[in-house]
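For reference, the structure is listed below as structure tokens.
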Amino acid sequence: TANGKRWATVAVRRPDAWLEAVESGGTGEEDRVNLPKNEQAEEYLMMSLRLSDGCDLKRLANLHDKTINPGALAEMQDAGMLWRQADRIGCTSDGRPVLNAVTRALLA
């Protein structure tokens with residue numbers, strides 16, 4: 001997402017279709033969709049946990065007033081699925097294979 005909008009490139013599974021879209025339309029992007037703040041926060045959490053830098057909890061809080069579940073955060077840390085350093089959290093190598101479940105638990 002960028003500026004509160006979500007987008008994807010067309011025909012991701014067919015590079016030839018993407019190239020054709022770029023050549024004819026310029027970007028190869030599908031229409032951009034406006035996202036409500038709560039969905040922006042959820043996408044930021046989900047995508048940032050895939051990065052080695054992890055998620056900035058202050059940025060997450062600025063996107064939406066819903067905070068992550070502190071009990072789930074503690075459980076995931078205790079289980080070795082997440083790390084925390086000050087205001088950042090991130091997935092460990094044990095948490096990456098089950099990242100969707102980790103994200104779902106944090107948002108519950």
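It should be emphasised that the depicted structure is a prediction, and the values quoted were computed from it without experimental measurement. Computation of the quantities below employed the complete heavy-atom set of this structure, encompassing side-chain atoms and omitting hydrogens, waters and symmetry-equivalent molecules.
A donor-acceptor pair under 3.5 Å is formed between the side chain of R84 and the backbone N or O of A86. The main-chain N or O of D56 is found under 3.5 Å from a side-chain atom of Y44 such that the two form a donor-acceptor pair.
Note: L45 CG to C55 SG = 5.0 Å, rounded to the nearest 0.5 Å. Interatomic distance, D94 CG to L82 CG, rounded to the nearest 0.5 Å: 10.5 Å. With values rounded to the nearest 0.5 angstrom, E42 atom CD is found 9.5 Å from L60 atom CG. Note that the CE atom of M76 and the CG atom of D78 stand 10.5 Å from one another [nearest 0.5 Å]. Taking CG of N62 as the reference point, atom NZ of K37 lies at 9.0 Å (rounded to 0.5 Å). A distance of 10.0 Å separates CG in D53 from CD in Q85, rounded to the nearest 0.5 Å.
Residues L106 and L99 are members of one and the same hydrophobic cluster, defined by side-chain heavy-atom contacts under 4.5 angstrom among Ile, Leu, Val, Met, Phe, Trp and Tyr.
Taking the side chain as every heavy atom from C-beta outward, L107 and M46 never approach each other to under 4.5 Å.
Of all heavy-atom pairs between H64 and A41, the closest is CB-CB, 3.6 Å. In terms of heavy atoms, R50 sits closest to N100 at NH2-OD1, 3.7 Å. For the pair L35 and Q40, the tightest heavy-atom approach, listed with the atom from each and the gap, is O-NE2, 2.9 Å. Counting all heavy atoms, side chain and backbone alike, L49 lies closest to R96 at O-NH1, 3.5 Å.
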